[in-house]
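Only one structure is covered here, and it is reproduced in the block below.
Chain letters run A, B, ... following the sequence lines, proteins first and then strands; every chain starts at 1. These numbers come from the heavy atoms of this one structure, side chains and all, not from hydrogens, waters or symmetry mates.
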Number of protein chains: 2
Amino acid sequence: MRTTVKDVAKAVGLSTTTVSLVLNNKPNRIPEATRKLVLKAAKELNYRPNHIAVSMVTKKTHTIGLILPDISNLYFSELAKVIEEQCHKYGYNVLYGNTNGTLEHEFEYLNLFVDRSVDAVIMTVSSNYSETDVKRLYEIGETNNVPIMMVDRTLDDPRFMSVLLDQKLGGFLATSYLINLGHKKIACITGPKNLRISIERLEGYKSALGDAGLPFDRSLVIEGDFSVDSGSRALPYILGQNATAVFSLNDMMAIGVYRECRRYHLSIPQDLSIVGFDDIFIDEFLEPPLSTIAQPVQEIGKYAVKKMMSVLEGKKNPCTDAGDTKIFKPALKVRGSALKFTEKKQI
Amino acid sequence: MRTTVKDVAKAVGLSTTTVSLVLNNKPNRIPEATRKLVLKAAKELNYRPNHIAVSMVTKKTHTIGLILPDISNLYFSELAKVIEEQCHKYGYNVLYGNTNGTLEHEFEYLNLFVDRSVDAVIMTVSSNYSETDVKRLYEIGETNNVPIMMVDRTLDDPRFMSVLLDQKLGGFLATSYLINLGHKKIACITGPKNLRISIERLEGYKSALGDAGLPFDRSLVIEGDFSVDSGSRALPYILGQNATAVFSLNDMMAIGVYRECRRYHLSIPQDLSIVGFDDIFIDEFLEPPLSTIAQPVQEIGKYAVKKMMSVLEGKKNPCTDAGDTKIFKPALKVRGSALKFTEKKQI
DNA sequence: ATGGGTTGGTAAAATGTTTTACTAAACTAG
DNA sequence: CTAGTTTAGTAAAACATTTTACCAACCCAT
C-alpha cells in the first residue's frame with residue numbers, strides 16, 4: 001500500500017497539517033529541526049502524494065487534454081510529441097484522444113476530459129462547426145473554466161485562443177515557386193472543399209496565379225480528402241487537363257500522386273512537377289525527395305503550451321479573457337520534385 | 001459552475017444518496033417515479049459526475065498510462081492509436097508519456113502515472129534493465145496495485161504481462177527470403193547490440209543461415225541504432241564486404257540505406273537487395289517499395305488492451321497473478337526491394 | 001504579574017462522490 | 001390490533017489531501 005500523509009504524520013508524531021505544510025514548503029514558521037524530521041520520514045517511507053486527493057482540494061490536475069484528428073498521421077504525431085514534451089517540462093501530463101475528424105468524437109473527448117478536470121484543452125478541430133456547435137463548445141469551456149486552445153485549425157470565434165499557420169501564404173509560396181519555374185498549367189489537389197485550410201491554401205494558390213498574371217482555371221482544381229488514395233485518384237484527371245505541375249494541399253496526397261505516376265510510368269519531376277504541404281518526415285526519403293511547404297511544428301507546439309501555461313498561471317480569467325491568435329509563417333522547402341518547365345516535357 | 005449531485009438533490013428535494021443511487025442505477029428498490037424524477041433533473045441541469053471525486057472513493061480512475069519511446073515513430077504512433085481507440089471503447093482514457101528510450105524517463109512516467117492513480121500501465125521499455133531496476137519496476141507496480149504490461153519489448157521477468165512479437169521468426173523469415181533468392185553474402189544491420197530485439201532478430205538471421213548451410217560471418221553484421229542515419233552510415237561498410245543483400249533490423253535504417261544508395265548511384269534492388277523490419281506506413285511509397293517483416297500492430301494493440309481489461313475486471317490480484325506472455329507471429333511482406341541474385345549484379 | 005507578541009503547532013472543514021448502516025412509515029398477515 | 005415485513009429513503013462515514021482558523025506555551029518588557 002502507498003504511504004499517506006497520515007502514515008508519515010504518525011511516524012514523526014505530528015499532525016498531518018504540519019506534514020503537509022513542510023512537504024509543500026509553505027511559508028509557515030516551521031523550525032528547521034521539524035522540517036528535517038518530516039522530510040526524512042517522508043523519504044524513508046517513500047511518500048508520494050496521491051494526486052487525485054490533491055486535485056480534489058486544489059482543483060488543479062496538472063493535466064491537459066490533447067484532442068487530435070489522427071495521431072498516426074505524421075504531422076500530428078510530431079505535434080503531439082512536442083506538446084507532451086513541453087507540458088512535461090512544466091509539470092503537466094497529457095490525456096489524449098483521437099477523433100478521426102468527427103465532430104461527435106471532438107465533443108465526446110472534450111466532455112470526457114472536462115469530467116476528468118483537465119486544466120486546459122488543446123485541440124485541432126477538423127469538422128465543420130455550425131454556430132450552435134461553436135457556442136456549445138465555448139460553453140463547455142466556460143462552465144468548466146477550462147481554457148481551450150485551437151491549434152492548426154481554428155473556429156471563427158475570437159474567444160478561443162488559436163495558434164495557426166498562415167495557410168494562404170503557404171499556398172502562395174508553393175504556387176509561386178512552380179510559376180517561377182515556368183509552369184503555366186498548375187493543377188491543385190485540395191482537401192475537403194469547405195474545410196478552412198483547404199480554402200485558405202487554395203486562396204494562396206489563386207493569389208499567386210493572380211500576381212503572375214495567370215488566369216485561375218477552375219478545371220485545374222480537383223477535390224481530394226488529404227488521403228494518399230485521393231492523391232492517386234486525382235492524377236488521371238490532372239493529366240487529362242495537360243497540367244505540367246501540381247500543388248498538392250498536403251504531402252500524403254502528393255505521395256498518392258507519386259504512386260500513381262509509377263503506374264503510369266511517368267517520372268517526377270521530368271514529366272510532372274509537384275510540391276506538397278506539411279513537410280512530413282518521409283518527404284526527404286521519397287524518390288525524388290518531395291519539395292513542400294514546411295510548417296514549424298516544433299515552434300508551433302512550443303508556443304502553444306507556453307501560451308497555455310501563461311494563461312493557466314496568469315491572473316486573468318483563463319477562459320473568457322484568453323482569446324488571442326498567433327500565426328506562424330510556413331516556408332518553402334525545395335527538394336527534388338519540381339523542375340523548370342520546358343516544352344518537350346509534355347507527354 | 002458545474003452541477004453537483006447536491007444541486008440535483010436539492011432540485012428534486014431528495015438526498016444525495018438517492019440521487020447517486022439512481023444515477024449509478026444500483027440495484028436498490030427505487031420507485032420508477034422517483035427514478036424518472038431524478039433522471040430528468042439531472043438531464044435538465046446537465047449533471048456530469050466529477051470524475052476526480054468518483055475516483056477518490058472508487059479507487060478507479062478508468063485511466064491507463066501509456067509509456068512509449070517515441071510517439072513520432074510510425075510504429076509507435078500506430079500502436080498508440082490502436083491502444084487509445086480500444087481503451088476508449090472500454091471507457092478508459094489514456095495518459096501518455098514519451099521516454100526517448102531512457103530509463104530515467106521510463107521510471108519518471110511510471111511514477112507520475114501511479115501518482116495519478118492510473119488503473120494500469122502499458123509500456124515498452126527500451127533501455128537495459130539491471131536486476132535491481134526490474135525489481136524496482138515491479139515494486140512500483142505492486143505497492144500501487146497497478147498491473148504493468150510490456151508491449152513490443154519485455155524484461156526477463158515472468159511476473160509482467162507481455163505481448164510481443166516473435167522477433168526471431170521475423171529475422172528468420174527475412175533472411176530465408178533473401179537466401180531463397182540466391183544471395184550468399186547477406187549483411188545485417190542491427191540495432192543497439194545488447195537490446196533484446198536486436199539479439200533476437202539477429203538470432204533468426206543466424207538460424208536461417210544455418211538452416212541453409214551458409215556460414216555465419218561476423219564481419220557481415222554491423223551495429224546501427226535504429227535511426228535512418230545509422231542505416232546510411234552502414235552502407236559503405238556493407239559494400240566493402242561485397243554483400244549482395246542486406247537485412248536491416250528495422251525499416252528506418254533501411255530508409256537510410258536507400259538514401260545512401262542514391263548518393264552512390266546504386267539502385268535497389270538491382271545492385272543491392274534489402275529487406276527491412278516493421279512494415280511502417282511509408283514502406284509502400286518508397287522507390288522501390290520496401291519488402292519487410294510486418295508486425296500485426298492492430299492485433300497486438302487490441303490484444304494488449306483486451307487482456308488488460310480482463311485483468312482489470314477480473315477477480316485475481318491484477319498485479320501479482322497477471323504475468324502471462326502472448327507472442328504474435330510476424331509475416332514477410334514482399335514488395336520490390338529484393339531481387340534474385342545473379343553474378344553480373346556485382347559492382 | 002500582566003499583557004503582548006512570537007513560536008510551534010493542531011483540529012476541523014472542505015473538496016464531490018459512493019456506500020454502509022440505519023429508520024420511519026406504510027402495508028400485510030394472523 | 002399487533003408484529004413483522006417491505007418500501008422509500010436518509011445520515012454519516014470514507015477517500016487523501018490542503019487550508020483556515022485557532023490555541024497553548026513561552027518569552028519579554030513593563
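For R153(B), there are no side chain to side chain donor-acceptor pair (under 3.5 Å) partners two or more places apart in sequence or in a different chain. In this view, Y90(A) satisfies the ring pair (Phe, Tyr, Trp, His ring centres under 6.0 Å) rule with no residue, not counting sequence neighbours. With sequence neighbours excluded, the residues forming a ring pair (Phe, Tyr, Trp, His ring centres under 6.0 Å) with Y96(A) are Y96(B), listed by chain and number. With sequence neighbours excluded, the residues satisfying ring pair (Phe, Tyr, Trp, His ring centres under 6.0 Å) with Y109(A) are F113(A), H88(B). Listed by chain and number, the residues in a side chain to side chain donor-acceptor pair (under 3.5 Å) with S77(B) amount to none (sequence neighbours excluded). Taking the side chain to side chain contact (heavy atoms under 4.5 Å, CB included) definition, one finds that T132(A) meets it with S130(A), sequence neighbours left out.
Among the heavy atoms of the strands lying under 4.0 Å from L21(B) is at least one base atom, whether or not backbone atoms are also near. Counting any heavy atom pair closer than 4.0 Å across all strands shown, K26(A) reaches sugar-phosphate atoms only and no base atom.
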Which pairs would a plain distance check flag for residues 8-16 of chain B, meaning a side-chain donor or acceptor within less than 3.5 Å of a matching protein atom at least two apart in sequence or in another chain?
residue : atom : partner : partner atom : Å
S15(B)  : OG   : T17(B)  : N            : 3.4
S15(B)  : OG   : T18(B)  : N            : 3.2
S15(B)  : OG   : T18(B)  : OG1          : 3.1

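The separation between M56(B) atom CE and dC15(D) atom P is 9 Å, rounded to whole Å. Computed from coordinates, the M1(A) CE to dC15(D) P distance equals 12 Å when rounded to whole Å. In this entry the distance linking CD1 of I30(A) with P of dT6(C) reads 18 Å, nearest Å. Rounded to an integer number of Å, the gap from N24(A) CG to dA16(D) P is 17 Å.
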Tabulate atom names and distances for all N/O pairs under 3.5 angstrom spanning the protein and nucleotides 22-29 of chain C.
none

Could you pull out the protein-nucleic contacts involving nucleotides 12-14 of chain C (nitrogen or oxygen on both sides, under 3.5 Å)?
residue : atom : partner : partner atom : Å
dA12(C) : N6   : T17(A)  : OG1          : 3.4

What pairs of nitrogen or oxygen atoms, one from the protein and one from nucleotides 3-5 of chain C, lie under 3.5 Å apart?
none

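Ion pairing between R2(B) and D7(B) fails under the 4.0 Å rule for side-chain N and carboxylate O. Here K135(B) does not pair with E131(B) in a salt bridge; the nearest charged N to carboxylate O distance is not below 4.0 Å.
Rotation axes derived from the C1' atoms of the five outermost pairs at either end of the helix from dA1(C)-dT30(D) to dG30(C)-dC1(D) lie 70° apart, to the nearest 10°.
Among residues at least two apart or in separate chains, there is no ring-ring contact (aromatic ring centres under 6.0 Å, His included) pair with a member in residues 15-61 of chain A.
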